[in-house]
Amino acid sequence: MIDLKYLQKNFDEASVKLAKKGVDGETLEELKTLFANLKEVNSTLEVSKAEQNKMSKLFGQYKREGKDVAELKAKVDANKEIISTLQTKANVANVALQNIALAMPNFPDDSVPHGADESDNIELKRVMKPRVFDFEPKEHWALAEMNGWIDFERGVKLAKSRFSVLRGDAARMERALINFFLDCNAKKGFEEVCVPFINNASMLQGTGQLPKFGDDLFKIEGEELYLIPTAEVPLTNLYNDEILTAKELPILLTGYTPCFRKEAGSAGRDTRGMIRQHQFDKVEMVAIANPNQSAEIFKMMVENASDILTQLGLPHRVVELCGGDLGFSAAMTIDLEVWLPGQNKYREISSISNTKEFQARRAKIRFKDNKKNSLVHTLNGSALAVGRTLVAIMENYQNSDGSINTPEVLKKYM
RNA sequence: AGAGAGGUGGCCGAGUGGUCGAAGGCGCACGACUGGAACUCGUGUAUGGGGCAACUCAUCGAGGGUUCGAAUCCCUUCCUCUCUGCCA
């Protein structure tokens, strides 16, 4: 959640920032008004409550002294009415405020380039030259069929479309990749954790998936529980509603989880192959950091993910997201896009974001900094999306006969 | 899933209608003592909101109710523990 006090005091500046992310001024204006109203109602309410508390204390005193309380009771009863009215007003205002505030995206960092969508993103650099093929490289679904690696039909039979089954060496390579990624992250100081793949609504709100993006989540019927769309949710919320000490920061976490997404807005996109599935494996990095550490950690996370791709021999590029392409919670994001020779283009394989204090404010993750409590910064990034890495290996390591070589670093894992 | 017990501050634990944001202990921080430390003694030590501040409002798992007044009574709900059942 954005800082409403800041919005109040620096409305114009905040409007400019959020315009970068495509937020119209009207909603922002509404938010500001609601906030001001709530403050006013609350302050009058507080005065009445203070009055009520005083009178109640007096009431007890009168009783003990055997004095007559009839007159006082009349006063107290009248005040009670006023409080009840004000309280109702305050509750309504608060709900309205929360509804808008929780749906308001994060401020983009000042460094974030302007732009409307993906096409305005900025390529920072390319790592490794794509291999030159002396034959026409095939797309991964063709290779999958030739090698019996992916069973799309039976995946659909078991669940529905956008589910698939990995078989044989593909299944083993999926597992090898998970282990390889976790080991790489551990070397960079990330603690490995194994978490529930189902989280409750409050956690999903903490990281920003709820209330606005519920349509993209698989919900457990009859319960306030959801299949996680990314390990970012359980890893970040590990410290939900906690006050950490400055000493224990930064907390670096990594974990493997499957991710479940309804892909509600993606009908027709990437329908073929394994690029966009309802369930996919991912190894995630999360950092809970002191604000003065977060820039450096962000850089480290990007380098780590890029380094893993390099170790796997996968050409990729580093892309800085523009304001319009930035996710809801992110203040800044860098994507890594891997080269897919079969598709002849770069495709996202990792997304690393600094949400600054946006998630920390929602999830109430704070740290004690000489007596004072401050919000932490939270960062998250994939290292890496496992299924897409498998796809990248298939396309980059294919031979003319359709067979697929194993990347050197993966051999000891298989 | 059924039966019973219970959820209080960083932890333990008292508190069954008012003077309780909460005794006492532990832990922690600071100070005194010491060459230094332990011991001992003193002081301090929840969170969120409003206010420059004095101060004030809210919070005793969560939500609602009774009452002038609720940690304390009532209802709902979540969670934990024990026993039974089931299961990896």
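The chains referred to below are lettered A, B, ... by the order of the sequence lines, with proteins before strands, and numbering in each begins at 1. No hydrogens, no waters, no symmetry mates; every other heavy atom, side chains included, goes into these values.
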Contacts of A:Phe213 meeting side-chain contact (heavy atoms from CB on, under 4.5 Å) (sequence neighbours excluded), chain-then-number -> A:Phe328
Between A:Asn373 and B:U47, does any side-chain N or O lie under 4.0 Å from OP1 or OP2?
yes
Nucleic acid footprint by protein, nucleotides 57-71 of chain B - heavy-atom cut-off 4.0 Å, B for base, S for sugar-phosphate alone
SS---------BS--
Which part of the nucleic acid, if any, lies within reach of A:Ile243 when heavy atoms closer than 4.0 Å are counted: base, sugar-phosphate only, or nothing?
sugar-phosphate
Looking at A:Phe218, is A:Lys262 sitting on its ring face, NZ or CZ under 6.0 Å from the six-membered ring centre and within 45 degrees of the normal?
yes
Applying side-chain contact (heavy atoms from CB on, under 4.5 Å), name anything that partners A:Asn405, two or more places apart in sequence or on another chain.
A:Tyr397, A:Asn399
What integer number of Å spans the P atoms of B:G24 and B:C41?
15 Å
Taking only residues two or more places apart in sequence or in another chain, which ones pass salt bridge (Lys or Arg N to Asp or Glu O under 4.0 Å) with A:Glu320?
none
Does anything in residues 272-300 of chain A pair up under side-chain hydrogen bond (donor to acceptor under 3.5 Å, both in side chains), and if so which pairs, sequence neighbours excluded?
A:Ser164-A:Gln277, A:Thr230-A:Lys282, A:Tyr256-A:Asp281, A:Glu263-A:Arg276, A:Asp270-A:Arg276, A:Lys282-A:Glu284, A:Asn290-A:Asn292, A:Ser294-A:Asn354, A:Ser294-A:His377
Residue-level proximity of residues 100-107 of chain A to RNA chain B when a heavy atom falls under 4.0 Å:
none
Using atom C1' of each nucleotide, how far apart are B:U80 and B:G69 to the nearest Å?
32 Å
Sort and list the pairs that fulfil side-chain hydrogen bond (donor to acceptor under 3.5 Å, both in side chains) and have at least one residue in residues 100-117 of chain A, not counting sequence neighbours.
A:Asp109-A:Ser111, A:Asp109-A:Lys356, A:Asp117-A:Ser119
Could you pull out all donor-acceptor pairs under 3.5 Å where a side-chain atom in residues 242-252 of chain A meets a protein atom, sequence neighbours excluded?
residue: A:Thr245; atom: OG1; partner: A:Glu248; partner atom: OE2; Å: 3.0
residue: A:Glu248; atom: OE2; partner: A:Thr245; partner atom: N; Å: 2.8

Which pairs would a plain distance check flag for residues 190-203 of chain A, meaning a side-chain donor or acceptor within less than 3.5 Å of a matching protein atom at least two apart in sequence or in another chain?
residue: A:Asn199; atom: ND2; partner: A:Pro196; partner atom: O; Å: 3.4
residue: A:Asn200; atom: OD1; partner: A:Ser202; partner atom: N; Å: 3.2
residue: A:Asn200; atom: OD1; partner: A:Met203; partner atom: N; Å: 3.1

